[in-house]
Amino acid sequence: MKKILFIGHDANRAGAQLVLLQLLKMLKQRNIPTHLLLGAGGPLETDYRKLTGVTKWPEPVRQLYGRRIDKQLYRLRIGQWLHRRIEQERWRAFEEDLRSQNIGLVLVNTVTNSSLYRQIFEWVKPVPTILFAHELELAIRMYTQPENLRFLLDHTDRLIAVSRAVAHHYVDAYGFDASRISTFQLIDIPGLLQKIEQARQLPDLLLQQGIPENAIIVGGCGNAEWRKGNDLFNVIARQVISQHPTVPVYFVWVGMPRNELYEDLTLDLQKAGLSNRVLFIEPTPDVFRYTTRFDIFALCSREDPYPLVVLEAALSETPVVCFDKAGGAPELVETDGGFVVPYLDTVAMADQIGALINDQALRRAMGQTLRQKVIERHSSEKSMRSFLSIVDQLTATTA
């Protein structure tokens with residue numbers, strides 16, 4: 001049986017990469033052979049290697065023998081020759097490794113990998129290609145070039161979109177054939193439920209951060225970038241906390257690295273007098289130990305196709321408040337799993353968070369409904385059957 005070659009841009013602990021990890025795990029359980037091409041490493045690389053073979057994109061040559069020796073070699077024009085030779089050898093070994101994998105199908109995980117796909121296309125072009133699309137307009141502009149994306153779409157046999165919003169975007173913006181699009185999300189619900197339950201059995205990490213046990217936690221989670229609305233999270237926190245002066249409301253964002261944005265947002269909190277009520281947690285493998293403590297999930301993203309963090313919040317029975325026209329989350333939240341407010345209307349989001357703060361029964365009911373919708377709509381087995389059906393259809397035509 002030929003292998004499915006997956007292309008992933010890195011191994012960071014983020015939504016698309018975690019979905020890929022779960023997909024590889026489910027395929028391994030079914031003894032379906034796979035191989036992974038990684039553009040870069042990251043914290044999940046060890047987990048990937050436990051499930052499949054991994055080939056990493058050749059790293060550029062940054063040093064030959066050492067700074068002083070390299071300086072002399074480049075001065076003598078020998079360094080340039082050695083540099084080219086080493087890079088050629090790395091690329092040759094990389095090509096031989098990929099060509100030896102007996103690939104029967106390629107799955108490009110996110111459009112971020114359009115450049116990688118284009119560069120290896122000559123080695124894989126006889127086999128069909130699936131694009132697993134996780135991105136909408138802002139992310140597409142940030143993480144790919146138009147010519148690379150057009151090349152990938154022109155050679156994509158089937159597109160899997162994580163939400164209806166994503167599917168519509170590729171039809172409307174790129175003219176992709178709607179009949180060749182499937183819309184579903186691949187998540188390991190039993191595995192996520194197990195992690196949630198395990199996290200609940202462990203000591204409360206927020207207590208160790210000085211947050212009282214009776215606090216109401218409004219949570220956010222994800223990469224720190226403008227698209228995710230980290231700045232809006234602070235604005236909403238100020239509005240909510242000021243409207244509930246006697247309630248111990250705390251805002252916690254998990255996934256905030258200590259970079260320039262962290263410094264800017266921390267300064268905002270200091271000026272607003274909120275440093276003791278808004279907490280930023282760095283990226284961590286213990287994410288569920290924080291998110292299972294959330295009472296309300298605030299999705300402040302300006303754009304998020306169908307975030308895994310929302311599905312995880314739902315499975316934790318945490319109601320979600322999100323913006324309309326910001327991606328696929330409203331398709332799940334609807335009117336019974338939380339609230340969908342007008343795009344960038346932070347006042348409306350603060351008001352709906354306030355409604356949930358004031359009504360514990362409403363929080364519980366909406367959280368339970370959201371959990372049930374994820375279980376009903378995103379069955380791991382159903383999603384896997386849909387995926388394998390696509391694989392069978394495409395490989396049958398090239399057998």
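Hydrogens, waters and symmetry mates are skipped; everything else that's a heavy atom, side chains included, is used. Along the sequence shown, residues are numbered consecutively beginning with 1. Quick caveat, the model's predicted, so the values are computed rather than measured.
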Test item: Leu388 and Leu27 side chains (from C-beta on) under 4.5 Å apart, heavy atoms: yes
Arg13 bridged to Glu45 by N-O distance under 4.0 Å: no
Leu299 reachable from Val340 in the ILVMFWY side-chain graph, under 4.5 Å edges: yes
Hydrophobic cluster identity match, Val333 and Ile187, side-chain contacts under 4.5 Å: yes
Intermediate values then yes/no, salt bridge (charged side-chain N to carboxylate O under 4.0 Å, His left out), Asp359 and Arg363: CA-CA 6 Å; Asp359 194 334; Arg363 291 202 307 270; over 6 Å; no
Check against side chain to side chain donor-acceptor pair (under 3.5 Å), Gln185 and Arg377: CA-CA 9 Å; Gln185 179 65 288; Arg377 298 180 187 183; over 6 Å; no
Centroid separation His155 to Phe121 less than 6.0 Å: yes
Any donor-acceptor pair under 3.5 Å from Arg289 side chain to Ile196 backbone: no
Flag side-chain contact, heavy atom, 4.5 Å: Arg302 against Lys228: no
Stepwise salt bridge (charged side-chain N to carboxylate O under 4.0 Å, His left out) test for Glu282 and Arg258: CA-CA 7 Å; Glu282 293 185 59; Arg258 303 220 168 202; 3.2 Å; yes
Residues Gln101 and His35: side-chain donor-acceptor under 3.5 angstrom: yes
Any donor-acceptor N/O pair, Ser242 side chain to Gln239 backbone, under 3.5 Å: yes
Residue pair Val252 / Ile211, side-chain heavy-atom distance below 4.5 Å: yes
Residues, nucleotides or ligands: over 12 heavy atoms within 6.0 Å of Gln201 CD: yes
Any side-chain heavy-atom pair of Leu279 and Tyr250 under 4.5 Å: no
Joint cluster assignment, Phe339 & Val347, ILVMFWY side-chain distance < 4.5 Å: no
Contact check, side chains of Phe6 and Phe132, non-hydrogen atoms, under 4.5 Å: no
Audit row: Arg227, Ser301, side chain to side chain donor-acceptor pair (under 3.5 Å) steps and yes/no: CA-CA 6 Å; Arg227 184 172 62 95; Ser301 298; over 6 Å; no
Other residues, nucleotides, ligands: >12 heavy atoms within 6.0 Å of Arg164 CZ: no
Parallel, tilted or perpendicular: ring planes of Tyr306 versus His378, cut at 30 and 60 degrees: tilted
From CA spacing to verdict: side chain to side chain donor-acceptor pair (under 3.5 Å), Thr34, Thr52: CA-CA 6 Å; Thr34 61; Thr52 189; 2.8 Å; yes
Close side-chain approach of Ser114 and Gln145, heavy atoms under 4.5 Å: no
Neighbour count above 12 (heavy atom, 6.0 Å) for Gln270 CD: yes
Reference residue Trp253; test ring-ring contact (aromatic ring centres under 6.0 Å, His included); the match among Tyr262, Phe280, Phe233: Phe233
Stepwise salt bridge (charged side-chain N to carboxylate O under 4.0 Å, His left out) check, Glu95 with Arg99: CA-CA 6 Å; Glu95 179 180 353; Arg99 286 184 179 274; 2.8 Å; yes
Polar side-chain atom of Ser163 near backbone of Pro305 as donor-acceptor pair, under 3.5 Å: yes
Check: Gln17/His9 side-chain N/O donor and acceptor closer than 3.5 Å: yes
Residue from Val106, Asp157, Ile390, Thr156 passing side-chain contact (heavy atoms from CB on, under 4.5 Å) with Pro128: Asp157
Side chains of Arg277 and Leu269 in contact at under 4.5 Å (non-hydrogen atoms): no
Single-linkage hydrophobic cluster, 4.5 Å side-chain cutoff, Val162 and Leu138 together: no
Pair Thr55-Asp97, side chain to side chain donor-acceptor pair (under 3.5 Å): steps then yes or no: CA-CA 7 Å; Thr55 299; Asp97 187 12; 2.7 Å; yes
Axial cation check for Tyr143 ring with Arg141, 6.0 Å and 45° limits: no
Test item: His134 and Val111 side chains (from C-beta on) under 4.5 Å apart, heavy atoms: no
Atom CZ of Arg238: over 12 foreign heavy atoms under 6.0 Å: no
Test item: Arg180 side-chain N/O and Phe176 main-chain N/O as donor-acceptor pair under 3.5 Å: no
Connected via hydrophobic side-chain network under 4.5 Å: Ile296 and Met349: yes
